[in-house]
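Structure record follows, encoded as structure tokens.
Computed from a predicted model, the values in this text were never measured in an experiment.
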Amino acid sequence: MRKRTLFGLAAGTVAAGAATLAYASLVERNMFTLRRYDVPVLPADAEPLRVLHLSDLHMMPDQRRKQQWVASLAALDPDLVVVTGDNMAHPDAVPGVLRALQPLLDYPGAFVFGSNDYTGPVWKNPFTYFLPNREYTEGAALPYEELRDVLTGAGWADLNNARTSIKAGGRLVEMVGVDDPHIGQDDYPAVAGPVTPAADLSIALAHAPEPALLDQMAADDFGLLLAGHTHGGQVCVPGYGALVTNCGLPRSMAKGLHRWPGSDSWLHVSAGLGTHPTAPVRFACPPEASILTLTPR
């Protein structure tokens, strides 16, 4: 009787694990979700301004459902589109990324790159994400210059270690960004400095939300900090949240909108729209894009 009970428990555990894996890989990772947040960063009496934040598409050439869903977001009629990196997961991914972004290129936009815009993913043991100083391994080279040329050709601002001002929603938006801190390509000191008084709004971009970098951006009075990279944890525990963030950011801030500690700045971390191709699962953390409605303080 005891052996039959133990066998039954083991079989039940295996079945539950298989069902969870099937759900995470076949269902939830395709449950594209639009998040909505109100962010009080505008001057008093200002009209709201809407920012569409996309991140971590990790696009494969055949992911037509994802491409169509992202393209459909143009119906939101955003004032500004911001993309915070890791667009590609395959050397032939540029056409798929462009199918997704093409309808959005008619709007003012800005972008920074992540590591998986420069080199493709490689298989890794998922448990290494719990190691604080694990070595970064590069995959195949990706056509990031081709993607950059298309985005800048459409008028989007390339903010990889750059700073500019653009018009969006009738407002002057001062923007700064860095190349990916996750691979040590960021150079914020080259573009640092206080927000100019003439700006109606200020936004800072990075792929990986490393706290030391965010501290510097907030100290320069950038009111809205946007990042991705964490995938929101990708595999989360209901009631507990993300297990890891793959950077120095606390688990409690792995996704969503947060006031950045010690400042008046707000941080939005996108859980992103894709997954690592060798770990195509999401659990308690569906893929997402966010529409941020900026409102008066």
Is it the case that one hydrophobic cluster holds both [X] and [Y], taking links as side-chain heavy atoms less than 4.5 Å apart, direct or via other members?
{"X": "Leu34", "Y": "Val82", "result": "no"}
{"X": "Val176", "Y": "Val195", "result": "yes"}
{"X": "Leu104", "Y": "Met88", "result": "yes"}
{"X": "Leu257", "Y": "Leu80", "result": "yes"}
{"X": "Met59", "Y": "Phe113", "result": "yes"}

Would the distance check show the side chain of [X] and the main-chain N or O of [Y] forming a donor-acceptor pair, the cut-off being under 3.5 Å?
{"X": "Asp117", "Y": "Asp86", "answer": "yes"}
{"X": "Thr230", "Y": "Ala254", "answer": "yes"}
{"X": "Gln234", "Y": "Cys285", "answer": "no"}
{"X": "Asp200", "Y": "Leu172", "answer": "yes"}
{"X": "Asp215", "Y": "Ala218", "answer": "no"}
{"X": "Thr245", "Y": "Cys247", "answer": "yes"}
{"X": "Asp220", "Y": "Phe222", "answer": "no"}
{"X": "Asn161", "Y": "Asp187", "answer": "yes"}
{"X": "Thr33", "Y": "Met31", "answer": "yes"}

* To do: Using distance alone, with no hydrogens and no angle criterion, decide if Ser55 and Ser270 have a side-chain donor and acceptor under 3.5 Å apart.
  => no
* Donor-acceptor pair between Asp179 and Tyr118 side chains, under 3.5 angstrom -> yes
Just so I know, are the side chains of [X] and [Y] near enough to count as touching, which here means a heavy-atom distance under 4.5 Å?
{"X": "Met217", "Y": "Trp260", "answer": "no"}
{"X": "Val281", "Y": "Val235", "answer": "yes"}
{"X": "Val51", "Y": "Leu294", "answer": "yes"}
{"X": "Arg282", "Y": "Pro287", "answer": "yes"}
{"X": "Ser265", "Y": "His258", "answer": "no"}
{"X": "Asp158", "Y": "Arg148", "answer": "yes"}
{"X": "Val173", "Y": "Ile203", "answer": "yes"}
{"X": "Leu54", "Y": "Val70", "answer": "yes"}

When rounded to the nearest 0.5 angstrom, what is the spacing between [atom1] in [X] and [atom2] in [Y]?
{"X": "Trp266", "Y": "Leu225", "atom1": "CH2", "atom2": "CG", "value": "11.5 Å"}
{"X": "Leu243", "Y": "Cys236", "atom1": "CG", "atom2": "SG", "value": "6.5 Å"}
{"X": "Gln185", "Y": "Ser115", "atom1": "CD", "atom2": "OG", "value": "10.0 Å"}
{"X": "Leu73", "Y": "Ile291", "atom1": "CG", "atom2": "CD1", "value": "8.0 Å"}
{"X": "His229", "Y": "Asn246", "atom1": "NE2", "atom2": "CG", "value": "4.0 Å"}
{"X": "Gln67", "Y": "Asp62", "atom1": "CD", "atom2": "CG", "value": "8.0 Å"}

* What pairs with Glu174 under side-chain hydrogen bond (donor to acceptor under 3.5 Å, both in side chains), at least two apart in sequence or on another chain? -> Arg163, Thr196
Which atom of [X] lies closest to which atom of [Y], heavy atoms considered:
{"X": "Glu146", "Y": "Val94", "value": "OE2-CG1, 3.6 Å"}
{"X": "Arg251", "Y": "Val244", "value": "CD-N, 4.3 Å"}
{"X": "Val41", "Y": "Gly223", "value": "CG1-O, 3.7 Å"}
{"X": "Trp156", "Y": "Pro108", "value": "NE1-C, 4.0 Å"}
{"X": "Thr84", "Y": "Gly228", "value": "OG1-N, 3.7 Å"}
{"X": "Gln63", "Y": "Lys66", "value": "OE1-NZ, 2.9 Å"}

* Report the C-alpha distance between Met175 and Leu205 in whole Å, list the side-chain angles of each, state the deciding distance to 0.1 Å, and finish with yes or no for side-chain contact (heavy atoms from CB on, under 4.5 Å). => CA-CA 8 Å; Met175 305 189 74; Leu205 278 60; 3.8 Å; yes
* To do: List the steps and the verdict of side-chain contact (heavy atoms from CB on, under 4.5 Å) for Leu105 and Leu151.
  => CA-CA 8 Å; Leu105 296 179; Leu151 298 181; 3.9 Å; yes
* Structure fact -> Result for ring pair (Phe, Tyr, Trp, His ring centres under 6.0 Å) between His231 and one of His58, His276, His207 points to His58
* Step by step, would you call Leu267 with Leu214 a side-chain contact (heavy atoms from CB on, under 4.5 Å)? -> CA-CA 9 Å; Leu267 168 67; Leu214 300 177; 3.9 Å; yes
* Asked: Which is it for Leu273 and Asp56 under the side-chain contact (heavy atoms from CB on, under 4.5 Å) test, yes or no, and what are the steps along the way?
  -> CA-CA 6 Å; Leu273 284 156; Asp56 297 87; over 6 Å; no
* To do: Starting from the C-alpha separation in whole Å, work towards a yes-or-no answer on side chain to side chain donor-acceptor pair (under 3.5 Å) for Asn87 and Tyr144.
  => CA-CA 9 Å; Asn87 297 283; Tyr144 67 93; over 6 Å; no
* To do: With side chain to side chain donor-acceptor pair (under 3.5 Å) as the test, would you mind laying out the steps for Asn30 and Trp69 before giving the verdict?
  => CA-CA 10 Å; Asn30 292 307; Trp69 189 84; over 6 Å; no
